[in-house]
Amino acid sequence: MAAIDVTIPPGELQAIFDALPDVVFFLKDHEGRYTHVNLTLVRRLGMKDRSEVVGKTALQVFPPRLGGAYVVQDRRVLDGEIIENQLEVHLYPNRTPGWCLTFKRPLAGGRRSLIGISRDLGQPDSRDSAFGRLQRAVETMQAHYGEPLRVQALAAIAEVSVAQLERLFKRVFQLTPQQMLTKLRIEAAMRLLHTDASIADIGQACGFSDQSAFARQFKATVGVPPRDYRALRR
DNA sequence: TTTCCCCGCGAGGAAAATCT
DNA sequence: AGATTTTCCTCGCGGGGAAA
């Protein structure tokens with residue numbers, strides 16, 4: 001494929017992303033300060049004007065523990081890591097948690113910087129011809145996410161091969177079967193974290209093999225460990 | 001108080017199981 | 001086949017108590 005050499009100034013990029021209400025967009029400089037943010041992000045942060053965000057770091061615009069998590073992630077990205085299609089929960093002040101697929105990577109160029117794009121998880125495409133058979137697999141997940149569940153078994157339920165199930169799932173739900181299962185488990189865990197059950201019990205109840213695996217997965221998708229999430233929400 | 005121990009929790013390595 | 005996730009396990013930390 002021939003590369004087309006077009007350079008889009010950041011400001012223009014920002015304006016383009018302003019038009020996307022379900023996509024969060026930002027650029028950050030090497031010290032993690034926002035240099036460009038789209039209005040979607042500004043609004044979700046509970047602010048009115050872009051200038052309230054630009055120049056600040058995640059630490060300054062997110063609740064304390066959350067901001068810290070973003071700082072850590074940003075550092076890894078600045079060191080060259082690329083994050084693609086990562087299933088995440090975004091927590092904003094005064095906003096119900098939202099599921100997103102996140103893309104983040106360092107930006108080429110003189111000074112080190114990074115770009116991040118998160119798109120909200122859309123509604124499943126219920127008109128897709130495969131929806132019906134996937135429905136059965138999804139129902140199984142919903143009923144049994146608290147137990148060990150193998151994708152292979154789900155494929156059998158949907159009467160397709162594993163490979164086929166992956167493709168259909170992405171098409172209809174924008175998620176792989178594994179991601180959907182994780183989503184169900186973490187959602188349940190977030191609910192249970194409002195009670196005072198122990199962290200280990202919650203992990204167990206949500207289908208994680210042990211507390212360690214639970215905390216690890218939870219932190220990876222929510223950004224903070226279970227204990228901090230609980231503290232954050234009370 | 002101070003010391004000691006137990007617990008709950010988080011982090012992360014290594015190897016095996018599973019998924020993409 | 002290659003990448004990711006899970007499992008199993010160990011470690012360290014800090015918050016209670018209980019015991020001294």
Side-chain angles (χ1 to χ4, degrees), chain A residues 59 62-77 79-89 91 99-105 119 121 124 128 130 133-134 136-138 140-142 144-234:
Chain A
L59 278 176
F62 283 99
R65 318 191 196 226
L66 257 184
Y70 289 129
V71 168
V72 171
Q73 192 188 44
D74 288 349
R75 181 155 308 123
R76 292 218 317 275
V77 171
D79 283 339
E81 185 171 333
I82 294 179
I83 293 173
E84 269 175 304
N85 279 329
Q86 168 151 317
L87 183 62
E88 286 184 340
V89 175
L91 304 170
W99 288 91
C100 308
L101 288 169
T102 291
F103 171 94
K104 240 178 197 185
R105 56 163 281 185
R119 55 176 240 269
L121 219 51
D128 194 289
R133 56 177 34 182
L134 293 191
R136 296 207 301 279
V138 171
T140 305
M141 281 197 232
Q142 284 166 342
H144 300 290
Y145 63 78
E147 307 151 27
L149 250 189
R150 273 170 278 125
V151 171
Q152 181 128 351
L154 296 170
I157 287 163
E159 298 178 296
V160 295
S161 70
V162 171
Q164 194 62 211
L165 189 73
E166 303 284 352
R167 262 178 277 130
L168 294 178
F169 250 78
K170 270 193 190 156
R171 199 170 80 200
V172 176
F173 299 106
Q174 304 156 315
L175 296 173
T176 65
Q178 186 60 43
Q179 284 178 319
M180 160 134 348
L181 187 56
T182 298
K183 177 168 176 279
L184 285 168
R185 286 178 166 162
I186 297 291
E187 274 169 347
M190 289 193 294
R191 250 178 278 125
L192 288 174
L193 282 167
H194 292 292
T195 71
D196 46 17
S198 82
I199 304 277
D201 287 350
I202 292 173
Q204 184 69 40
C206 298
F208 296 96
S209 69
D210 63 7
Q211 163 267 325
S212 168
F214 172 47
R216 185 166 5 196
Q217 182 66 71
F218 194 91
K219 185 174 178 187
T221 93
V222 182
V224 297
R227 176 170 28 89
D228 291 7
Y229 176 83
R230 174 175 268 166
L232 210 56
R233 306 242 112 205
R234 50 176 59 151

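Chain A is the first sequence line, chain B the second, and so forth, proteins listed ahead of strands; every chain is numbered from 1. All values below were derived from every heavy atom in this structure, side-chain atoms included, with hydrogens, water molecules and symmetry-related copies excluded. Model, not experiment: these values are computed from the prediction.
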Using a 4.0 Å heavy-atom cut-off, write out nucleotides 5-19 of chain B from 5' to 3' as B (base contacted by protein), S (sugar-phosphate only) or - (no contact). ----SBBBB----SS
Nearest-angstrom distance from the residue atom [atom1] of [X] to [atom2] of [N]:
X: A:M180; N: C:dT4; atom1: CE; atom2: P; value: 20 Å
X: A:Q86; N: C:dA3; atom1: CD; atom2: C1'; value: 15 Å
X: A:F218; N: C:dT5; atom1: CZ; atom2: C1'; value: 18 Å
X: A:L175; N: C:dT4; atom1: CG; atom2: C1'; value: 16 Å

Are [X] and [Y] side-chain neighbours, meaning at least one heavy-atom pair lies under 4.5 Å?
X: A:R119; Y: A:F103; answer: no
X: A:F169; Y: A:V138; answer: yes
X: A:L87; Y: A:T221; answer: no
X: A:F218; Y: A:D228; answer: no

Whether the side chain of A:Q179 engages the backbone of A:T176 through a donor-acceptor N/O pair (distance < 3.5 Å, no angle test) should be reported. yes
CZ of A:R136: more than 12 outside heavy atoms within 6.0 angstrom?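 Buried by this count: over 12 neighbours within 6.0 Å.
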